[in-house]
Engineer: 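Take this structure, written in C-alpha cells, and hold onto it; I'll ask about it next.
Values reported hereafter were calculated over all heavy atoms of this structure, with side chains retained and with hydrogens, waters and symmetry mates removed.
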Amino acid sequence: MGVCIAQIPVIAGETDPYTNRDIDIDDSLEILDAKVNEALDRISANWSRGCNERAFIFAVYRDLGGLHWVDKIERWAMFEPEIHRLPSNRADSVYAEMPFLLSSGARIGNFSRTIKVDGTYMSTDKLGHFFSQGRKFYTRYERLGTVAQAARRTARWEGFIWGQFLSGIYSNADLVANYEGFLFYRGLFNDGVVNDKGAIFQCRDGSLVKRREFTWADHVNSLWDEMINPSYFKQSLVPAIERRMLRLCDDYAKRPERYQIKNSEELHTRYQVLTLRDSAVPPISQFLDENCR
C-alpha cells in the first residue's frame, strides 16, 4: 500500500537546496512578514469569540495553513511574482538519478522552490510546515503535556507520511520549522516564548489587541536550510545523490560561503529537544571540498 501511495504526485514534496545556489535572489522577509501580519490583522478585526485563544489559533491555521498537501501560504509563495525563487528543474536536481521505487516522492512529487528569508535559503514547503505542522505540534503539546513528548510524536510522523516512508528522506529542517511554528502559536498569547518578546496579542474585555508585529526573523535561521541542515537519506539513495552533487563544483567554487553553517553549536543546542538525525550524506561543503579538486 505504501508503494502505491508513493506513486501519487501530490503526496510527498521535496526541495533541492543544492542546485543553483550560486545565484543571487532578493530577500523576501518583508513580503512574507506583511503577508502574515495582514492575515493576523484581518482575523483579529473580525473576531467575535472573545478570549478563546485556541479558537483563534485554529483560525490562523485555517487562513495560512490548511488541510491540503500544499498549504495556502506555501502555494502563494510558489507563484507570487514579488517573491524571488532559485531556478528549479526536476531533471537537473540532485534527486534525478535516485531509484524510482525507493524515492518516488522526491522524483515525481510536488517540488518546492527555494527562496531567501532573512538571509537564509529555505524551501517554500517550510512555510506550510510552520503553520500546519506547527499547529499539530501545539495540539500535541496541549494533549501530551510536554514539549519533548510532542516533539517525539511529530518526529514519528516525519518518519512516516511526511517524509522517510514515502520519499526515503527524513527532513531535519522540517522538524525545525514545525517546532518554530509551535513557538509562534504559543507566542500569540504568551509572553517570553519567542526570543523573550511579549505576546503578539492580548485579550482585553473580550477583545483582541495586537501588541507587536510578527516577523519571520524571530523564527528562521540556518537550520531551516536543508543544505546546511541536511536530511537523513536512506542509504540506498546516497550514491545517486553524491553523483549529482559533484555537478555543483563550479557553483561551489563561486560561492563557497553559501555552503557553510555558522553558529552550529548554538542552533543545535536550541533544538536538542527535537529528534534530528545525522545525515548519511556528508556536509556538502566538506564533500565538495574533498571531491571537486
Side-chain angles (χ1 to χ4, degrees), residues 12-29 77-100 102-126 167-174 176-177 220-264 267 277-293:
E14 296 301 335
T15 181
D16 179 359
Y18 307 100
T19 307
N20 295 319
R21 199 175 179 92
D22 62 305
I23 295 175
D24 292 320
I25 55 175
D26 290 344
D27 200 300
S28 297
L29 176 65
M78 289 170 68
F79 300 104
E80 168 58 44
E82 292 187 8
I83 292 183
H84 289 197
R85 296 166 284 268
L86 289 183
S88 177
N89 185 320
R90 195 184 308 277
D92 294 331
S93 79
V94 293
Y95 305 126
E97 296 181 23
M98 291 166 67
F100 181 80
L102 297 178
S103 61
S104 55
R107 289 286 301 277
I108 68 174
N110 165 56
F111 209 59
S112 298
R113 301 293 299 277
T114 298
I115 61 178
K116 184 164 72 170
V117 180
D118 197 31
T120 294
Y121 282 82
M122 54 175 267
S123 67
T124 51
D125 76 306
K126 300 299 174 285
S167 67
I169 302 170
Y170 179 97
S171 174
N172 290 317
D174 284 358
V176 170
V220 174
N221 55 58
S222 296
L223 294 193
W224 288 53
D225 183 342
E226 294 196 25
M227 192 283 299
I228 289 176
N229 185 16
S231 300
Y232 171 87
F233 299 92
K234 288 181 180 177
Q235 190 61 47
S236 57
L237 305 180
V238 173
I241 294 174
E242 291 183 340
R243 283 196 302 271
R244 300 292 293 192
M245 280 172 28
L246 288 175
R247 294 155 52 105
L248 306 176
C249 289
D250 289 343
D251 295 352
Y252 175 65
K254 295 175 190 174
R255 297 289 179 84
E257 71 280 359
R258 288 192 181 168
Y259 298 79
Q260 299 169 351
I261 186 172
K262 300 176 182 177
N263 63 328
S264 173
L267 288 174
R277 297 185 184 179
D278 291 335
S279 177
V281 175
I284 191 170
S285 57
Q286 172 188 329
F287 179 81
L288 294 180
D289 187 56
E290 292 177 353
N291 290 280
C292 286
R293 288 174 288 179

Engineer: Does any N or O in the side chain of Asn229 come within less than 3.5 Å of the main-chain N or O of Trp224, such that one atom is a donor and the other an acceptor?
Structural biologist: no

Engineer: Would you please name every residue forming a side chain to side chain donor-acceptor pair (under 3.5 Å) with Asp26, sequence neighbours left out?
Structural biologist: His84

Engineer: Which atoms form the tightest heavy-atom contact between Asp22 and Tyr259, and what is the distance?
Structural biologist: N-OH, 4.4 Å

Engineer: Could you state the interatomic distance from OH (Tyr252) to CD1 (Ile284), rounded to the nearest 0.5 Å?
Structural biologist: 9.0 Å

Engineer: What are the two closest non-hydrogen atoms of Pro17 and Asp225, and how far apart are they?
Structural biologist: CB-OD1, 4.1 Å

Engineer: Is there a side-chain contact between Lys126 and Ser123, using heavy atoms and a 4.5 Å cut-off?
Structural biologist: yes

Engineer: As an exercise, state the distance from CG of Asp251 to CD1 of Ile23, rounded to the nearest 0.5 Å.
Structural biologist: 7.5 Å

Engineer: OG of Ser285 to CD of Glu290: how many Å apart, nearest 0.5 Å?
Structural biologist: 9.5 Å

Engineer: Looking at every heavy atom in both Thr114 and Asp16, which two are closest together, and how far apart are they?
Structural biologist: OG1-O, 3.7 Å

Engineer: Working to the nearest 0.5 Å, report the span between CG of Leu288 and CZ of Arg247.
Structural biologist: 13.0 Å

Engineer: Test side chain to side chain contact (heavy atoms under 4.5 Å, CB included) on Asp174 and Glu226; report intermediate values, then the result.
Structural biologist: CA-CA 9 Å; Asp174 284 358; Glu226 294 196 25; 3.8 Å; yes

Engineer: How many angstroms lie between atom CG of Asp289 and atom SG of Cys249, to the nearest 0.5 angstrom?
Structural biologist: 10.0 Å

Engineer: Restricting to side-chain contact (heavy atoms from CB on, under 4.5 Å), what partner residues turn up for Arg85, sequence neighbours left out?
Structural biologist: Ile83, Arg113, Ile115

Engineer: Can you find a pair of side-chain heavy atoms, one from Asn172 and one from Tyr170, that are under 4.5 Å apart?
Structural biologist: yes

Engineer: Atom OG1 in Thr19, atom CG in Leu248: separation rounded to 0.5 Å?
Structural biologist: 5.0 Å

Engineer: I need the minimum non-hydrogen distance between Ser231 and Ser279, along with the two atoms involved.
Structural biologist: O-OG, 2.6 Å

Engineer: Where is the tightest heavy-atom contact between Thr124 and Ser112, given as atom of each residue plus distance?
Structural biologist: OG1-CB, 3.7 Å

Engineer: Might you point out which heavy atoms bring Asn221 and Leu267 nearest each other, and give the distance in Å?
Structural biologist: CG-CD2, 3.7 Å

Engineer: Mind checking side-chain contact (heavy atoms from CB on, under 4.5 Å) for Arg258 and listing every partner two or more places apart, or none if nothing turns up?
Structural biologist: Arg21, Asp24, Tyr121, Arg255

Engineer: Using 30° and 60° as the class boundaries, would you call the ring planes of Tyr95 and Phe233 parallel, tilted or perpendicular?
Structural biologist: tilted

